[in-house]
Amino acid sequence: MKLIVTGGAGFIGSNFIFHWRKAHPEDTIICLDKLTYAGNLPTLKDILDAPNFKFVKADICDRDAVYNLFETEKPDVVVNFAAESHVDRSIEDPSIFLKTNILGTSVLMDACRKYGITRYHQVSTDEVYGDLPLDRPDLLFTEETPIHTSSPYSSSKASADLLVLAYHRTYGLPVTISRCSNNYGPYHFPEKLIPLMIINALHDEKLPVYGDGKNVRDWLYVEDHCRAIDLIIHKGTVGEVYNVGGHNEMANIDIVKLICQALGKPESLIEHVTDRKGHDRRYAIDPTKIHNELGWLPETKFADGIKKTIDWYLNHEDWWQPIIDGDYQNYYQKMYGNR
Ligand code: NAD
Ligand code: TYD
């Protein structure tokens with residue numbers, strides 16, 4: 001099988017490529033990535049010269065580049081991870097989110113229609129369902145939960161999902177969609193909660209918790225997400241949406257305290273800062289469908305996954321130091337300087 005994996009130089013896409021190469025060593029992977037601020041070629045350094053792997057630097061919005069790649073490579077499967085992924089950046093400037101996440105998705109699917117594929121898989125997010133109240137733990141997101149978005153990021157992802165389903169109904173494109181909760185693990189870009197707190201704590205810097213810190217996310221170890229997508233591609237039903245989540249709801253403040261404890265740092269580093277605009281209160285996935293239909297269950301308990309993640313950041317300063325030494329400094333100053 002030949003796959004085009006877009007966004008494979010980012011967090012989840014790179015973990016997916018590593019997963020797939022181990023699980024299906026006979027397959028060929030072409031990674032298409034624009035290498036935005038969030039894309040990191042050094043992440044893929046160990047496989048760049050491998051015989052059944054190719055890296056192509058291109059923008060999913062560039063129709064000519066995408067069509068050329070499809071014409072040359074004739075992929076069987078396309079897995080679309082490429083996206084602008086950070087909610088805070090989408091609040092600062094939605095425009096690139098609309099371009100990449102919506103128009104880029106349509107370009108990829110147009111290429112699929114033109115050249116023919118056996119599956120287009122769209123990597124989506126539980127954020128398309130909006131949020132749940134903190135005082136109703138019985139409520140979870142199912143695949144039937146209405147789309148109800150809060151941020152420009154989640155709105156762009158929801159728009160893409162609707163387009164993907166429209167291409168299935170209108171053109172018969174063989175699509176699947178996965179909507180996953182918050183991932184954590186190796187190669188997570190330092191702007192996101194868990195790596196940001198680990199790296200700041202290591203430097204004895206303030207740990208900026210938005211608002212009261214009681215917002216809840218449903219954390220999933222990235223490898224469990226990659227296995228879920230693999231199963232959906234192999235056994236999922238075309239035209240269907242699958243929720244992927246870990247039954248692992250945690251308040252932000254508890255995660256930050258846990259990181260302090262694991263690194264032997266004082267909780268006095270924690271600073272409550274101005275809340276995110278429109279901040280979703282709680283996400284929680286009901287993964288019954290993917291469990292019943294495909295037999296998927298998360299394998300990594302949060303206590304083990306967070307330990308593995310913290311150890312990974314401790315041992316891979318060579319990966320994150322160049323990132324935080326670069327443009328990230330300006331970003332951090334702008335986002336947190338006056339917060
Ligand atoms: P990321 O920001 O770490 O990586 C995104 C990658 O896409 C980068 O390598 C970047 O260079 C590439 N990219 C961006 N714009 C591009 C373009 N126009 N053309 C080609 N490549 C482009 O993101 P992530 O956290 O790995 O998320 C991957 C996907 O999973 C996204 O679609 C995101 O919406 C979804 N998702 C993420 C989470 C999470 O917790 N991180 C949860 C659910 C769903
Ligand atoms: P994030 O990692 O940005 O993921 P998402 O917004 O997609 O869920 O944020 C996770 C949670 O952590 C979210 O409730 C916002 C909060 N947060 C902070 O409190 N401080 C921070 O510096 C960051 C980046 C996030």
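Position 1 is the first residue of the sequence, and the numbers go up from there. Keep in mind that this is a model prediction, so the values were computed, not measured. Both counts, for ligands and for their atoms, begin at 1 and track the order of listing.
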Considering heavy atoms of the protein only, find what lies nearest to atom 2 (O) of ligand 1 and give residue, atom and distance to 0.1 Å. Ser85 OG, 2.6 Å
Indicate yes or no: does an N/O atom of Tyr210 lie under 3.5 Å from an N/O atom of ligand 2? yes
Does any N or O atom in Glu84 lie less than 3.5 angstrom from one in ligand 1, N or O only? no
Are any of the N/O atoms in Arg276 less than 3.5 Å from those in ligand 2? yes
Go through the side-chain N and O atoms of Lys192 and Ser85 and say whether any donor and acceptor fall under 3.5 Å apart. yes
Is the closest heavy atom of Tyr153 to ligand 1 under 4.0 Å? yes
Is there any N or O on Asn252 that sits under 3.5 Å from an N or O of ligand 2? yes
Please confirm whether Leu196 comes within less than 3.5 Å of ligand 2 when only nitrogen or oxygen atoms on both sides are compared. no
Please say whether Lys192 places an N or O atom under 3.5 Å from an N or O atom belonging to ligand 1. no
So is Gly104 in contact with ligand 1, going by heavy-atom distances below 4.0 Å? no
Taking the side chain as everything from C-beta on, heavy atoms only, tell me whether Phe141 gets closer than 4.5 Å to Leu132. yes
Show your working on side-chain hydrogen bond (donor to acceptor under 3.5 Å, both in side chains) between Asp76 and Thr118 and close with a plain yes or no. CA-CA 5 Å; Asp76 303 296; Thr118 58; 5.3 Å; no
Mutual orientation of the aromatic rings belonging to Tyr332 and Tyr328 [parallel < 30°, tilted 30-60°, perpendicular > 60°]: tilted
For ligand 1, which is the ligand I care about here, please tell me if Cys180 has any N or O atom under 3.5 Å from one of the ligand's N or O atoms. no
Strictly by modelled atom types, are Asp286 and Thr142 linked by a side-chain donor-acceptor pair under 3.5 Å? no
Shortest protein heavy-atom distance from atom 5 (C) of ligand 1, along with the residue and atom involved: Ala83 O, 3.5 Å
Should Met335 be listed as contacting ligand 2, given a heavy-atom distance under 4.0 Å as the test? no
Using heavy atoms and a threshold below 4.0 Å, how should the contact between Lys157 and ligand 1 be classified: side chain, backbone, both, or neither? side chain
Under 4.0 Å, counting heavy atoms only: does Tyr336 come that close to any atom of ligand 2? yes
Decide whether Asn15 and His225 meet the rule of one side-chain donor and one side-chain acceptor closer than 3.5 Å. no
Closest protein heavy atom (residue, atom, distance) for atom 13 (C) of ligand 2: His279 NE2, 3.5 Å
Atom 20 (C) of ligand 1: the protein heavy-atom neighbour that sits closest, reported with distance to 0.1 Å: Lys34 N, 3.2 Å
Please report whether ligand 2 has a polar contact with Met197, defined as an N or O pair separated by less than 3.5 Å (distance criterion only). no
Below 4.0 Å, non-hydrogen atoms only: which portion of Glu127 touches ligand 2? Side chain, backbone, both or neither. side chain
Contact between ligand 1 and Gly8 is defined here as a heavy atom of the residue under 4.0 Å from a ligand atom; is it met? no
The protein heavy atom nearest to atom 18 (N) of ligand 1 is Asp59 OD1, 2.8 Å
Among all protein non-hydrogen atoms, which one is nearest to atom 26 (O) of ligand 1, and what is the separation to 0.1 Å? Ile12 N, 2.7 Å
Within the 4.0 Å heavy-atom cut-off, what Val87 brings close to ligand 2 is side chain
Nearest to atom 20 (N) of ligand 2 by heavy atom, Ser151, Pro208, Gly213, Ala251: which? Pro208
Contact between ligand 1 and Phe81 is defined here as a heavy atom of the residue under 4.0 Å from a ligand atom; is it met? yes
Pair Arg227 + Asp224, salt bridge at N-O below 4.0 Å: yes
Is ligand 1 under 4.0 Å from a heavy atom in the side chain of Leu35, in the backbone, in both, or in neither? backbone
Please determine whether a side-chain nitrogen of the Lys or Arg among Asp212 and Arg281 lies less than 4.0 Å from a carboxylate oxygen of the Asp or Glu. yes
Please name the residue in the list Val241, Val123, Thr145, Thr125 that meets the side chain to side chain contact (heavy atoms under 4.5 Å, CB included) test with Arg179. Val241
Show the atoms of ligand 2 that are less than 4.0 angstrom away from any heavy atom in Glu191. 24 (C)
Non-hydrogen atom of Ser14 closer than 4.0 Å to ligand 1: no
Got a second to check how far Met1's CE is from His234's NE2, nearest 0.5 Å? 4.0 Å
Name the orientation class of the two ring planes belonging to Trp319 and Tyr313 (parallel below 30°, tilted from 30 to 60°, perpendicular beyond 60°). perpendicular
Closest non-hydrogen protein atom to atom 42 (C) of ligand 1, residue and atom name please, with distance? Ser181 O, 3.4 Å
What part of Val123, side chain from CB on, backbone N/CA/C/O, both or neither, has a heavy atom under 4.0 Å from ligand 1? both
Can you confirm whether more than 12 heavy atoms, excluding those of Gln261, are under 6.0 Å from its CD atom? no
If you count the atoms of ligand 2 from 1 in the order shown, which ones are under 4.0 Å from a heavy atom of Val209? 19 (O)
Is it the side chain (CB and beyond), the backbone, both or neither of Asn182 that lies under 4.0 Å from ligand 2, heavy atoms counted? side chain
Please check if any side-chain donor atom of Tyr37 sits under 3.5 Å from a side-chain acceptor atom of His86, or the reverse. no
For atom 9 (O) of ligand 1, find the nearest protein heavy atom and state the residue, atom name and distance (0.1 Å precision). Asp33 OD2, 2.6 Å
Determine the interplanar angle of the His19 and His24 rings, folded into 0 to 90°, and report it as parallel if under 30°, tilted if 30 to 60°, perpendicular if over 60°. perpendicular
With a 4.0 Å cut-off, would you call Asp311 and Lys307 a salt bridge? yes
So for Phe11 against ligand 1, with non-hydrogen atoms under 4.0 Å, the contacting part is both
Between Asp110 and Arg113 (salt bridge meaning N to carboxylate O under 4.0 Å), is one present in this structure? yes
Whether the Tyr336 and Asn200 side chains hold a donor-acceptor pair (N or O, under 3.5 Å, no angle test) is what I'd like checked. no
Tell me which protein heavy atom sits closest to atom 40 (O) of ligand 1, plus the residue, atom name and distance to 0.1 Å. Asn183 N, 2.8 Å
Atom 10 (C) of ligand 2 [closest protein heavy-atom partner, distance rounded to 0.1 Å]: Leu193 CB, 3.8 Å
Need the ligand 1 atom indices (1-based, order shown) with element for anything under 4.0 Å from a heavy-atom of Ser124. 43 (C), 44 (C)
In terms of atom number and element, which parts of ligand 1 are under 4.0 angstrom from non-hydrogen atoms of Ala58? 19 (N), 20 (C)
For the residue pair Tyr221 and Tyr184, categorise the inter-ring angle as parallel (less than 30°), tilted (30 to 60°) or perpendicular (more than 60°). perpendicular
Evaluate the criterion ring-ring contact (aromatic ring centres under 6.0 Å, His included) for residue pair His203 and Trp320; output intermediate values, then yes/no. CA-CA 13 Å; His203 291 109; Trp320 52 261; 5.8 Å; yes
Checking the N or O distance criterion of under 3.5 Å, is ligand 1 in contact with Leu32? no
Side chains of Ser154 and Thr149: donor-acceptor distance under 3.5 Å anywhere? no
Indicate yes or no: does an N/O atom of Arg217 lie under 3.5 Å from an N/O atom of ligand 2? yes
ILVMFWY network linking Val164 to Val244, side-chain heavy atoms under 4.5 angstrom: no
Can you tell me if Asn182 contacts ligand 1 (heavy atom of the residue under 4.0 Å from the ligand)? yes
